[in-house]
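Beneath this line is the structure, given in structure tokens, with notes to follow.
Everything numeric in this text was worked out from a predicted model, so none of it was measured.
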There are 2 protein chains.
Amino acid sequence: MREGDKPTVISKQALQRLPYYIRFLRGLKEQGMRIIAAPAVAAQLGLNEVQVRKDLAAMSNSHGKPKAGFIIAELIENMEEALGYNNSDDAVLVGVGSLGRALLGYGGFAECGLNMVAAFDADPALTGGRICGKPVFPMSKLNDICSRMNIHIGVITVPAAAAQAVCDELVKAGVLAIWNFAPTHLTVPPDILVQSENMAASLALLSNHLRQRLREENL
Amino acid sequence: MREGDKPTVISKQALQRLPYYIRFLRGLKEQGMRIIAAPAVAAQLGLNEVQVRKDLAAMSNSHGKPKAGFIIAELIENMEEALGYNNSDDAVLVGVGSLGRALLGYGGFAECGLNMVAAFDADPALTGGRICGKPVFPMSKLNDICSRMNIHIGVITVPAAAAQAVCDELVKAGVLAIWNFAPTHLTVPPDILVQSENMAASLALLSNHLRQRLREENL
DNA sequence: TAGATTGTTAATCGATTAACAATC
DNA sequence: TAGATTGTTAATCGATTAACAATC
């Protein structure tokens, strides 16, 4: 990894592990620790040692010290920079049903670099006011507000049937990445990213495991 | 796939695609369609044709007809059975904060085979009543209720700091699978499944994509 | 020095995609 | 029959894990 060559490619999987590392390392730092070795991280997070070694090596600007490990504060800094936790991305949320409200009220996004600035809803009864401190606008304002505020992330928490239409509007308004909580596939232009939060998929894994466990017991 | 040999192993990835197939196929059925071919499914869901062909072949009890396709109703039935959508699993939820409430109120779990029967919280001010029709009990009742009702799935929506303790209690109470919404790693015995709903990980992918897109524009 | 840990190359694994014969 | 679609074997790909030399 050459100096100044920041755009090192990080694999999708590794990228998803970063938040776990960051959270764990922050905890260590608060406890006053200064140095940590990869095997200790692996043990705590239930990961393979080689994987952690590779991840840390890829993320850290400086090298780890054999027999000692990595400087915690530096690791945190490098990882946070890689994820852009420092400069938050502004986002809008569409659909202030129960899930939408829960997300608007969740304080944890700030420390993950996400800043919800406004919400939208098709129901006039829900717009005009504020929810959890965020203004709620009618859908007709979406394009105008997103363009003017230069919003790049859209969060979709509408019913499945409405999701594709909302998605199209967000893309038209200049959004580049979509966080989709509606249980449906969204079609977008090739340069737009859709990240679907996939509750039904998770449930599929859960109940499949359960069925196998219970079947085993019955043998 | 021999007849009666139901426990065919389905890959984790394929399992997660099933809910999408089911949703899409149900839509077709409602429109009155009777038969669908793999390439059409692939195009609609943005998947590879071979992948869909394999998935459908693996799920369908009967063979697809060359030149025609598969019988929609049968596919739906076979997939729903594979995921156990027919006989719901009972679950309890721990932590009735904003996210916990949103999940309790979400009606969509029923059709995914999940049935939330009760909630728990450490805060006495929140217990004793009902939220979205579900009774909310104090933590002290958790073991008793879970064992008596033979609960196998626990949903964790408490803050990260409390999650491991809650997880331990759920496992002690006989839960076999855990759906974790707290942003932290949970350590469990080897035969227990933890499925973490990984918002920070999703955000990592989103903001990474965004940064690359914006970097490209600046070149 | 001895031993734990790092960094890296090679082997393995799981899943996706390509190629193609079989079928209606 | 001709052509679209299925089912399956082989090739490819990405990521994980194993093996091992380099380092403090």
Side-chain angles (χ1 to χ4, degrees), chain A residues 1-3 5 8-18 20-21 25 28 33-72 74-75 78-79 185 198 201 204-205 208-209, chain B residues 1-3 5 8-18 20-21 25 28 33-72 74-75 78-79 185 198 201 204-205 208-209:
Chain A
M1 179 165 49
R2 247 163 287 139
E3 212 58 39
D5 249 14
T8 313
V9 183
I10 310 171
S11 87
K12 229 174 115 168
Q13 312 291 327
L15 221 55
Q16 296 195 72
R17 285 190 291 272
L18 288 192
Y20 280 120
Y21 289 133
L25 294 170
L28 296 182
M33 290 181 61
R34 290 203 59 252
I35 289 189
I36 186 82
V41 176
Q44 283 294 318
L45 298 184
L47 299 172
N48 177 283
E49 291 195 10
V50 183
Q51 187 167 69
V52 174
R53 244 183 289 156
K54 272 194 168 164
D55 284 344
L56 299 194
M59 298 314 308
S60 178
N61 279 352
S62 67
H63 284 228
K65 269 217 176 81
K67 173 114 190 186
F70 293 80
I71 298 166
I72 293 172
E74 205 186 323
L75 273 183
N78 294 157
M79 288 182 175
H185 167 76
N198 220 327
L205 294 181
N208 191 259
H209 168 84
Chain B
M1 181 164 46
R2 246 163 287 138
E3 212 58 37
D5 249 14
T8 314
V9 183
I10 311 169
S11 87
K12 230 174 113 168
Q13 312 291 327
L15 224 68
Q16 297 194 72
R17 283 189 293 271
L18 287 193
Y20 280 120
Y21 290 133
L25 293 171
L28 296 181
M33 291 182 61
R34 291 202 58 254
I35 289 190
I36 185 82
V41 177
Q44 283 295 317
L45 298 183
L47 299 173
N48 178 284
E49 289 194 13
V50 183
Q51 186 165 71
V52 174
R53 245 184 287 156
K54 274 196 168 166
D55 285 343
L56 299 193
M59 297 315 308
S60 179
N61 279 352
S62 66
H63 285 228
K65 268 216 176 78
K67 173 114 190 189
F70 294 80
I71 299 165
I72 293 173
E74 206 187 323
L75 272 183
N78 294 159
M79 289 183 175
H185 168 75
N198 220 327
L205 294 181
N208 192 258
H209 169 83

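- In terms of heavy-atom proximity, A38(A) sits nearest to V52(A) at O-CG1, 3.7 Å.
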*asked:* Treating primed atoms plus P, OP1 and OP2 as sugar-phosphate and everything else as base, which nucleotides of nucleotides 14-24 of chain D get B, S or - for protein heavy atoms under 4.0 Å?
replied: -SSBBB---BB
*List the steps and the verdict of side chain to side chain contact (heavy atoms under 4.5 Å, CB included) for Y21(A) and L45(A).*
CA-CA 8 Å; Y21(A) 289 133; L45(A) 298 184; 3.7 Å; yes
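- Nearest heavy atom pair, residue K12(A) against residue L205(B), reads CG-CD2, 3.6 Å.
- At least one side-chain heavy atom of M79(B) sits under 4.5 Å from a side-chain heavy atom of L56(B).
- When all heavy atoms of N48(B) and V50(B) are compared, the pair lying nearest together is OD1-N, 2.7 Å.
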*asked:* Let me check I have this right: for DNA chain D, each base becomes ., (, ), [, ] or |, based on Watson-Crick or G-U pairs with both distances under 3.5 Å. What is the full string?
replied: ..||||||||||||||||||||||
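- M33(B) and I35(B) make their closest contact through CE-O, 3.6 Å (heavy atoms, listed as atom of the first residue, atom of the second, distance).
- A straight line from CD1 of I35(A) to P of dA4(C) spans 18 Å, rounded to a whole angstrom.
- Proximity of D55(A) to Q51(A): side-chain heavy atoms (C-beta onward) are separated by under 4.5 Å at one or more points.
- In this structure E49(B) satisfies the side chain to side chain donor-acceptor pair (under 3.5 Å) test with no other residue, sequence neighbours excluded.
- Note: CZ (F70(B)) to P (dT5(D)) measures 12 Å, nearest angstrom.
- In this structure, the CG atom of D55(A) is 14 Å from the P atom of dT8(C), given to the nearest Å.
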